[in-house]
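Here is how names work: the chains are called A, B, and so on, in the same order as the sequence lines, proteins then strands, and each is numbered from 1. Every heavy atom of this structure was used, including side-chain atoms; hydrogens, water molecules and symmetry mates were not.
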Amino acid sequence: MNGGRLPMLLTSMKEELNIALKAAVQAAGKSFEDLGVAFERAALGPCKSPDHGDLATNAAMLLAKPLGTNPIALGTAIAEQLAAHPFIAKAEAVKPGFVNLRLSPAAFAHVLSYVKQQREAYGDSTLGQKRRVLLEFVSANPTGPMHLGHCRHAATGDSLARILRAASYDVTTEFYINDAGAQIKALGRSFRYACLKVAGLLDPATVQHENDPETGRAFIVHDGERVQYTGDYMEEFAREFVSTATPDQLLGMSPEEFSLEARNRNLEMIKRDLGAMGVFFDNYVSEKALHENAAVEEAMLKLRESGRTYEQDGAVWLKTQDYGDPEDRVLIKGDGAYTYLVPDIAYHHDKYLRGYDRYINVFGADHGGYLPRLKAGVAALGHDPEALTIILLRLVFLTRGGQRVKFSKRAGNFVALSDVVEEAGPDAARWFILCRSSDSEFEFDLDLAKQASSQNPVYKVQYAHARICTMIDKGTEEGFTMLADPARVADILTAPIERDMILYLAQFPEVVERSARELSVHHIPAYALGLADLWNSYYSMARTDETFRVLRPEAKELSEARLFLADTMRQVLSNALGLMGITAPSRMTKAAEAE
RNA sequence: GUUCCCGUAGCUCAGCGGAUAGAGCAACUGCCUUCUAAGCAGUUGGUCACAGGUUCGAUUCCUGUCGGGAACGCCA
């Protein structure tokens, strides 16, 4: 065995196909330029129908015309070339022009050997070439609890980080704290009001009750300013804080001190909620700090020096139209104050100064217009705007009993992340979020997610993993020893479903690489479910056909070969779940679920 | 009005130009003295919104129409 130096099966087969195609191109006396995109689009993948073979390529159909031949003739030539490879047992060109490949036992042995050798690293690729990526996500305002949307952002961002790391990117995750500006002042006022109220220090004369003329909602005015943040969490913060402070201290605190105190408590709450779903960040970057160390001022100066700004109507504008913005944006308002754009550009300037190769932001779809502004900003500061990518996530709706839920007890006028994670559990919450592609709006069915039952796909996948674990344990107890030689395993395991499993295992690295390339997470759960289905089907075949039992004392070597396959299935299930941040339990019992 | 996203089974959603369009849920029929039934096997269910175009081949790419959502502030 050459060990890790051997390429993965599909990679290896694609290289082989390329060699065959190049030979065909040369034989026809053509150049690759003549072929254009046809050559690039030639693909090799698993067959949909097992009757056709294990793998198939469409290359002959794409290239026949530019090469001046017909697909069957070209396909036959390609097939002949491929048939010589030790991984190929049979290659033939068929009707429309597909070349169908049947893999040899050596190919199956290779897959098994590779999984076994790579273990936790199976699925990893070299796509990222160790390039450094700064991945920013969630960045929830520290003014209240996180909502269902943040749950999507957290699960997606965290999983993306795992996928990119598997693809050899050097990923740093970052949470940007919007702890400056008007909303933090409002937070401080709300917190001060809550503290005085809890401490019994509130002067009734300073409080008015009013109604919003537009929404009709009631709100409180304290000391002439609207109290904006009034959820249960605010009272909890206040109770905690008041218990540690004297009335004199409370009354003597500045607005800034109240703001800071509330911001800190809020951030702790955010970290706690994220922690409950297993999401942790490498960095937390404070907007306030960017102001305090003059990074914002400095960025503004540089923007002006760049020549990419101009003054008009008493304001300072940035030429964002150069990057696809429908109109230019204001940096400094008529009243001299910065718009939100300046600190945001300063923050990205700071990111670039820290020296990464790529900057990926996960934003809500309502921030779709952001990209041109940020690109224009970083470009004006001398950075490469193409290194910045924004992934937009669309809205999530929570449904319960078939009805959309808009409010939660904890958060008031929206559904709290913590409620969803508590009710569904972190694994199911992540699963249902990751299943969906980022640009689709979707309904999170809480009834389904919280069902610890057969109806829930996430448990199906975990169940398959747990079943294998207990089976391997049992095999060990009964004196079975996993075979050591993958070639022998491949020789023994020739049942169609066993071949299907091995072929499916071979596809995992491609799925992960594709996810990393597209920055889309939803391929992973789809793959994992397919893998679990295969194992569960296989497992159940023993009910109707005794010879499909894995552990059969009367067929020791067969059993030990099947244990090998079981272990590779377990490994890949575990790796796939790992990329989603979902646990891979080694045991699942109904009793445990009923607690 | 302009730009972007979406339109696929009763519901929620996958589907990197390829062969007979898939999964989960819901409905129906079977299967636990056996390595975990949180499982398996099967049935029902589709004008891939519509119309053109490109292609050997279109659910996929292009154009248009219709329908749904979002963004279009000197708000953040």
Side-chain angles (χ1 to χ4, degrees), chain A residues 41 43 45 47-49 51-52 56-58 61-62 64-65 70-71 94-98 100 141 178 181-183 313-317 324-327 329-341 343-344 364-370 392 394-395 399 402 432 435-445 447-448 451-464 466-475 478 510 514 517-518 522-523 525-526 529-530 532-533 535-544 546 548-552 559 562-563 566 587-590 593:
Chain A
R41 288 203 353 234
C47 292
K48 282 197 177 160
S49 161
D51 302 339
H52 297 137
T57 176
N58 59 355
M61 288 180 288
L62 291 172
K65 198 176 213 176
N70 72 71
V94 298
K95 29 174 196 175
F98 290 102
N100 289 331
N141 290 339
N178 287 285
Q183 57 190 357
D313 305 330
V316 176
W317 301 68
D325 210 349
E327 54 187 316
R329 304 289 158 178
V330 170
L331 295 174
I332 305 180
K333 298 187 269 188
D335 65 5
Y338 291 165
T339 66
Y340 66 93
L341 200 49
D344 280 352
D366 56 343
H367 288 65
Y370 249 54
L392 297 176
R394 306 203 57 194
L395 290 174
T399 63
F432 283 96
C435 277
R436 272 65 189 230
S437 81
S438 58
D439 51 10
S440 102
E441 212 171 63
F442 78 94
E443 301 204 349
F444 188 105
D445 185 340
D447 296 324
L448 178 59
Q451 272 187 72
S453 76
S454 59
Q455 288 130 356
N456 194 333
V458 63
Y459 292 109
K460 187 173 180 170
V461 176
Q462 291 182 316
Y463 184 58
R467 264 180 160 178
I468 297 173
C469 289
T470 55
M471 171 187 287
I472 290 173
D473 287 349
K474 185 166 172 154
E478 294 180 2
E510 283 215 325
R514 181 184 169 193
R517 206 168 0 94
E518 294 179 0
H522 67 280
H523 306 299
L529 193 57
D533 278 340
W535 176 260
N536 285 328
S537 295
Y538 183 56
Y539 186 93
S540 298
M541 284 169 74
R543 288 192 173 276
T544 48
E546 180 77 11
F548 274 101
R549 278 178 68 86
V550 170
L551 302 174
R552 296 168 64 210
S559 300
R562 285 176 171 167
L563 277 176
R587 209 160 295 269
M588 286 176 93
T589 60
K590 286 219 162 188
E593 162 255 313

Consider the side chain of [X], meaning its heavy atoms from C-beta on, and name the nucleotide among [options] that approaches it most closely.
X	options	value
A:A315	B:C40, B:C74, B:A23	B:C74
A:N536	B:G69, B:A71, B:C40	B:C40
A:M61	B:G24, B:U12, B:G18	B:G18
A:D313	B:C74, B:G15, B:G73	B:C74
A:L551	B:A37, B:A71, B:C35	B:C35
A:A542	B:C35, B:A70, B:G15	B:C35
A:R543	B:C74, B:A19, B:C32	B:C32
A:C47	B:A19, B:C35, B:C56	B:A19
A:S537	B:A41, B:C74, B:C35	B:A41
A:Y459	B:C6, B:A38, B:A76	B:A38

[N] to [M] separation - [atom1] atoms, rounded to the nearest Å:
N	M	atom1	answer
B:C4	B:A58	P	26 Å
B:G57	B:G18	P	14 Å
B:G67	B:G42	C1'	37 Å
B:C13	B:U55	C1'	29 Å

Handout entry: By side chain to side chain contact (heavy atoms under 4.5 Å, CB included) - contacts of A:A464 (at least two apart)
Key =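 Once residues adjacent in sequence are excluded, the partners of A:A464 under the side chain to side chain contact (heavy atoms under 4.5 Å, CB included) criterion are A:A532, A:W535, A:N536, A:L573.
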Exercise for the section: Go through the structure and list residues passing side chain to side chain contact (heavy atoms under 4.5 Å, CB included) with A:N70, not counting sequence neighbours. Expected result: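 Testing A:N70 for side chain to side chain contact (heavy atoms under 4.5 Å, CB included), a comparison that skips the adjacent residues, returns A:I72, A:A73.
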Handout entry: Criterion side chain to side chain contact (heavy atoms under 4.5 Å, CB included) on A:R562 and A:F548, from CA distance to verdict
Key = CA-CA 10 Å; A:R562 285 176 171 167; A:F548 274 101; 4.0 Å; yes
Exercise for the section: Please figure out whether A:S440 or A:F432 has its closest RNA chain B nucleotide nearer the 5' end. Expected result: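 Taking each residue's closest nucleotide, the earlier one in sequence belongs to A:S440.
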Practice task
Return the 5'-most residue of the pair A:P326, A:L529 with respect to RNA chain B, ranking by each residue's nearest nucleotide.
Solution key: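 Comparing both residues, the 5'-ward one is A:L529.
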Scan every strand shown for a Watson-Crick or G-U wobble partner of [N], both distances under 3.5 Å, and answer none if you come up empty.
N	value
B:C31	B:G39
B:U63	B:A51
B:G22	B:C13
B:G1	B:C72

Practice task
Check whether any side-chain heavy atom of A:H52 sits under 4.5 Å from a side-chain heavy atom of A:V94, and report yes or no.
Solution key: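 Sidechains of A:V94 and A:H52: no contact.
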Exercise for the section: Taking syn as within 90° of 0 and anti otherwise, name the glycosidic form of B:C11. Expected result: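 This nucleotide is in anti.
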Problem - Side chain A:R41 and base B:G57 donor-acceptor under 3.5 Å - result: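 Pair found.
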